[in-house]
**Student:** 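Below is one structure. I have some questions about it.
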Amino acid sequence: MKNKKITRKITQGVYVLTTNNGGCVVDAVSQISAGDNPLISVAVMKRNYTNELLKNNKLFALSVIGKDANPEIITTFGMNSMRDINKFESISTFEVEGLNIIEDSLGYMVCEIIDSIDNDTHTLFIGRLVEADVIKDEEAMSYQYYQEHKDELVKVTTNNGETAWVCTICGYVYYGEELPDDFKCPKCGVDKSLFEKSRGNYE
């Protein structure tokens, strides 16, 4: 038996990654060197429009999301594509090094991309820290906290009597009584084992 839900116990935070003309929610962020200009890595799903943008940009920013951040940040940057909407229209930001930083965040890191590594589902972008600051000294949102409070952070809207299945990885919503046995998330590619039936009364 392979229960992939154990991967949620890996200690990770929740961030909004931004670059020129786009951005998305990410969790796989690590500091991989020390010094005055440490290296920061971030994994971005290949299917994300932001991945495409990063390959044509020199900088990215990471806004650190706190536990008490506005849930609309998660919904806007995690459940939508810049191909369809301008995510920056509804979320307050300010600029550092020409990149949008989430105003309602604990702080930010701006990195210059120095390398990237492709794997089957994600690209690992490695950046050298060039600018950073702390905005609020509060508790950061962990990936585990996000998973445990997803119903509060991401409201799924359904019609009366409609069943919704939510991808625990990217938040994609499938409507239907049951998921097909061979179902794969069209957004991130995971199988049906990583979908959960929506809880709560949504109208």
**Student:** Holding to ring pair (Phe, Tyr, Trp, His ring centres under 6.0 Å), I want the full list of residues that pass it with Phe183, two or more places apart in sequence or in another chain.
**Tutor:** Tyr174, Phe195
**Student:** Taking it one step at a time, do Glu95 and Asn100 satisfy side chain to side chain contact (heavy atoms under 4.5 Å, CB included)?
**Tutor:** CA-CA 5 Å; Glu95 281 196 9; Asn100 287 298; 4.2 Å; yes
**Student:** Identify whether Ile114 and Leu124 are in the same connected component of the hydrophobic contact network (ILVMFWY, side-chain heavy atoms under 4.5 Å).
**Tutor:** yes
**Student:** Please check this pair: side chain of Trp165 against backbone of Gly176, looking for a donor-acceptor N/O pair closer than 3.5 Å.
**Tutor:** yes
**Student:** Scan for ring-ring contact (aromatic ring centres under 6.0 Å, His included) pairs involving residues 58-84, sequence neighbours excluded, and state none if there are none.
**Tutor:** Phe77-Phe88
**Student:** Are Asp191 and Ser193 close enough that a side-chain donor and a side-chain acceptor fall under 3.5 Å?
**Tutor:** yes
**Student:** Examine distances only and state if a side-chain atom of Lys87 and a backbone atom of Gly23 form a donor-acceptor pair shorter than 3.5 Å.
**Tutor:** yes
**Student:** When rounded to the nearest 0.5 angstrom, what distance separates SG in Cys111 from CG in Leu62?
**Tutor:** 6.0 Å
**Student:** For residues 16-32, which residue pairs qualify under side-chain hydrogen bond (donor to acceptor under 3.5 Å, both in side chains), counting only residues two or more places apart or in two chains?
**Tutor:** Gln12-Asp27, Asn20-Asn57
**Student:** With sequence neighbours left out, write down each residue that passes salt bridge (Lys or Arg N to Asp or Glu O under 4.0 Å) with Lys184, or none if nothing qualifies.
**Tutor:** none
**Student:** Looking at residues at least two apart in the chain, or sitting in another chain, which of them share a salt bridge (Lys or Arg N to Asp or Glu O under 4.0 Å) with Lys192?
**Tutor:** Asp181
**Student:** Please name all residues satisfying side-chain contact (heavy atoms from CB on, under 4.5 Å) with Asp115, sequence neighbours left out, ordered by chain then number.
**Tutor:** Ile126
**Student:** Is it the case that atom NZ in Lys55 sees more than 12 heavy atoms from other parts of the structure closer than 6.0 Å?
**Tutor:** yes
**Student:** With distance as the sole test, does Thr76 use its side chain to make a donor-acceptor pair with the main-chain N or O of Ile73 at under 3.5 Å?
**Tutor:** no
**Student:** In Å, rounded to the nearest 0.5 Å, how long is the span from CE of Met45 to CG of Asn51?
**Tutor:** 10.0 Å
**Student:** Holding to salt bridge (Lys or Arg N to Asp or Glu O under 4.0 Å), I want the full list of residues that pass it with Asp137, two or more places apart in sequence or in another chain.
**Tutor:** none
**Student:** Which atoms form the tightest heavy-atom contact between Cys167 and Cys185, and what is the distance?
**Tutor:** SG-SG, 4.1 Å
**Student:** Does Glu52 have any salt bridge (Lys or Arg N to Asp or Glu O under 4.0 Å) partners at least two apart in sequence or in another chain, and if so, which?
**Tutor:** Arg83
**Student:** Quick check: is Ile32 connected to Val29 through a chain of hydrophobic side chains (ILVMFWY, heavy atoms under 4.5 Å apart)?
**Tutor:** no
**Student:** Spell out, yes or no, whether Ile135 and Met109 are grouped together once hydrophobic residues are joined by side-chain heavy atoms under 4.5 Å, including indirect joins.
**Tutor:** no
**Student:** Would you find a donor on one side and an acceptor on the other, under 3.5 Å apart, between the side chain of Arg47 and the backbone of His122?
**Tutor:** no
**Student:** So, using side-chain contact (heavy atoms from CB on, under 4.5 Å) as the criterion, who are the partners of Val96 when residues are at least two apart?
**Tutor:** Phe94, Ile101, Tyr108, Val110, Glu131
**Student:** Would you kindly confirm whether Ile91 and Val16 end up in one hydrophobic cluster when ILVMFWY residues are joined by side chain heavy atoms under 4.5 Å apart?
**Tutor:** yes
**Student:** Compare all side-chain heavy atoms of Leu54 with those of Leu17 and state whether any distance is below 4.5 angstrom.
**Tutor:** yes
**Student:** Between Cys24 and Asn48, what is the shortest heavy-atom contact and its length?
**Tutor:** SG-ND2, 3.8 Å
**Student:** Return the set of residues passing side-chain contact (heavy atoms from CB on, under 4.5 Å) with Glu138 (not counting sequence neighbours), or none when no residue passes.
**Tutor:** Leu106, Lys136
**Student:** Tell me whether Glu139 is salt-bridged to Lys67, with the criterion being a basic N under 4.0 Å from an acidic carboxylate O.
**Tutor:** yes
**Student:** Donor-acceptor pairs under 3.5 angstrom involving side-chain atoms of residues 36-44: please list them, not counting sequence neighbours.
**Tutor:**
{"residue": "Asn37", "atom": "ND2", "partner": "Leu129", "partner atom": "O", "Å": "3.0"}

**Student:** Between the main-chain N or O of Glu72 and the side-chain N or O of Asn70, is there a donor-acceptor pair closer than 3.5 Å?
**Tutor:** yes
**Student:** Around atom CG of Asp68, are there more than 12 heavy atoms of other residues, nucleotides or ligands at under 6.0 Å?
**Tutor:** no
**Student:** Please report the closest heavy-atom contact between Ser105 and Ile102, naming both atoms and the distance.
**Tutor:** OG-O, 2.7 Å
**Student:** Could I get the full list of side-chain contact (heavy atoms from CB on, under 4.5 Å) partners for Ser116, not counting sequence neighbours?
**Tutor:** Thr123, Phe125
**Student:** How close do Val64 and Ala140 get, counting heavy atoms only, and between which atoms?
**Tutor:** CG1-CB, 4.2 Å
